[in-house]
Protein chains: 2
Amino acid sequence: MHPDDFDLTDFLPYLLNQAAEECSLAFQKHYKDRYGMLRTEWRVLFHLGRFGTLTAQEISARSKMHKTKISRAITKLEHRRWLKRDTDAKDRRRELLQLTPLGQKVYHDLVQVAHDHQLELLGQFKMTDAKALQDMLKRLARLQ
Amino acid sequence: MHPDDFDLTDFLPYLLNQAAEECSLAFQKHYKDRYGMLRTEWRVLFHLGRFGTLTAQEISARSKMHKTKISRAITKLEHRRWLKRDTDAKDRRRELLQLTPLGQKVYHDLVQVAHDHQLELLGQFKMTDAKALQDMLKRLARLQ
DNA sequence: GCTTGTTAGTTACAAATGCAACAGTTAGCG
DNA sequence: CGCTAACTGTTGCATTTGTAACTAACAAGC
């Protein structure tokens with residue numbers, strides 16, 4: 001292949017990064033400005049809000065984020081009293097994490113924002129196209 | 001909206017990040033292991049390889065990367081003698097950047113890898129779906 | 001020509017990240 | 001039981017990043 005035939009702006013990893021960056025930005029404003037959170041932190045919050053009690057390891061497996069990032073996010077969320085941890089009695093290495101009522105409040109608030117943001121992003125496409133996009137992204141992310 | 005109805009794994013910013021991460025990883029191995037480059041560096045390399053002579057500012061506008069990242073990437077690429085810079089005679093603030101023959105060699109090598117990687121990623125979809133995916137991503141990234 | 005404001009690019013510092021080493025716990029197996 | 005290997009989560013350190021301040025060069029208006 002002749003290199004002039006290669007269009008950088010069609011290159012999927014590049015395109016995905018650009019789109020991800022663009023789409024994350026507007027939403028980032030909400031959790032950053034309103035709650036001073038980092039991306040890692042809202043992701044942990046969202047996992048716990050959506051799936052209930054999880055260990056750090058399980059969050060890592062689901063989100064594919066590195067365990068050190070998760071460990072630090074958990075510490076921060078704990079200091080804000082948005083989650084609490086209990087050592088698993090059956091396996092004292094594991095820590096069972098779950099949101100406090102306060103953490104759930106924040107979660108509910110941000111879910112609402114996320115939902116609205118999602119509608120806006122996907123609103124520019126036909127319903128079937130939007131669904132197809134999500135499916136393809138899931139396959140690319142090896143989530144299904 | 002009830003928060004239980006919100007599925008994190010359908011949330012576009014999250015999904016895009018996951019897919020971007022997954023798709024970038026395999027390609028990253030090539031420029032990282034073979035050339036010890038960072039993501040920012042191959043992006044600058046790719047822009048110069050694809051579009052010829054550019055200034056840092058133009059690369060920033062095209063890629064939406066922050067100018068400090070670009071400045072540092074340029075310094076690294078320059079030290080490896082993959083690009084050279086010349087002050088624009090008409091505006092001595094601007095620096096005209098272009099790849100050296102050596103830099104072009106690296107670019108051509110990586111373009112080939114990128115192209116193969118792209119085929120593999122999109123091969124799992126029907127041609128028309130792949131095209132639709134790229135179009136939607138471009139719109140989300142506000143590239144068109 | 002001078003002042004003021006803007007732009008291109010760099011640098012300093014603080015914050016976030018990745019990697020490797022670590023402690024503590026459990027599991028497997030002789 | 002006693003030993004080694006594997007696993008969960010944390011920490012230290014080097015690297016990367018983001019923000020803001022900075023220098024140098026140009027542009028516009030007077």
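Proteins get letters first, then strands, A, B, ... in listed order; numbering begins at 1 in each. On a predicted model such as this, the values are computed, not experimentally measured, just so you know.
Side-chain to base pairing of B:R92 with C:dG9: no donor and acceptor N or O lie closer than 3.5 Å to each other.
Closest contact between the side chain of B:R93 and the listed nucleotides D:dG9, D:dA25, C:dT10 involves D:dA25. Among C:dG18, D:dG18, D:dT16, the nucleotide with an atom closest to any side-chain atom of B:R72 is D:dG18.
Neither OP1 nor OP2 of D:dT10 sits under 4.0 Å from any side-chain N or O of A:T68. Residue A:K76 has no polar side-chain atom (N or O) positioned under 4.0 Å from OP1 or OP2 of C:dA15. A:S71 has no side-chain polar atom (N or O) that falls below the 4.0 Å cut-off from OP1 or OP2 of D:dG9. OP1 or OP2 of D:dT10 sits under 4.0 Å from a side-chain N or O of A:R85.
Annotation for A:R34: atom CZ counts as buried by contact number, over 12 foreign heavy atoms lying within 6.0 Å.
Across the protein-nucleic acid pair, A:E78 atom CD and D:dT10 atom P stand 9 Å apart, rounded to whole Å. For A:D91 and D:dG9, the CG to C1' distance is 12 Å, given to the nearest whole Å. Rounded to an integer number of Å, the gap from CZ of A:R39 to P of D:dT16 is 19 Å. Atom pair B:R94:CZ and C:dT10:C1' shows a separation of 17 Å (rounding to whole Å applied). The CD-P distance, from B:E41 to D:dT15, rounds to 14 Å in whole Å. Whole-Å rounding puts the A:I74 CD1 to C:dT17 C1' distance at 16 Å. C:dT7 atom P lies 18 Å from atom CD of B:E95, rounded to whole Å. Taking atom NE2 of A:H66 as the reference point, atom C1' of C:dA16 lies 14 Å away to the nearest angstrom.
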### Candidate pair B:K105 and B:D109, rule salt bridge (Lys or Arg N to Asp or Glu O under 4.0 Å), full reasoning
CA-CA 6 Å; B:K105 261 210 180 96; B:D109 177 36; over 6 Å; no
### Task
Test side-chain contact (heavy atoms from CB on, under 4.5 Å) on B:W82 and B:M37 and set out the steps.
CA-CA 12 Å; B:W82 287 350; B:M37 300 173 85; 3.8 Å; yes
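Place B:E58 and A:L38 on DNA chain C by their nearest nucleotides, and B:E58 ends up nearer the 5' end. If A:K69 and A:A89 are placed on DNA chain C by their nearest nucleotide, the residue sitting closer to the 5' end is A:K69. Mapping A:K32 and A:L96 onto DNA chain D by nearest heavy atom places A:L96 at the nucleotide closer to the 5' end.
A ring-centre distance under 6.0 Å is not found for A:Y14 and B:F46. Residues B:F27 and B:W42 place their aromatic rings such that the two centres sit under 6.0 Å apart.
Residue contacts for A:T55: at a heavy-atom cut-off of 4.0 Å it reaches the sugar-phosphate backbone alone, with no base atom in range.
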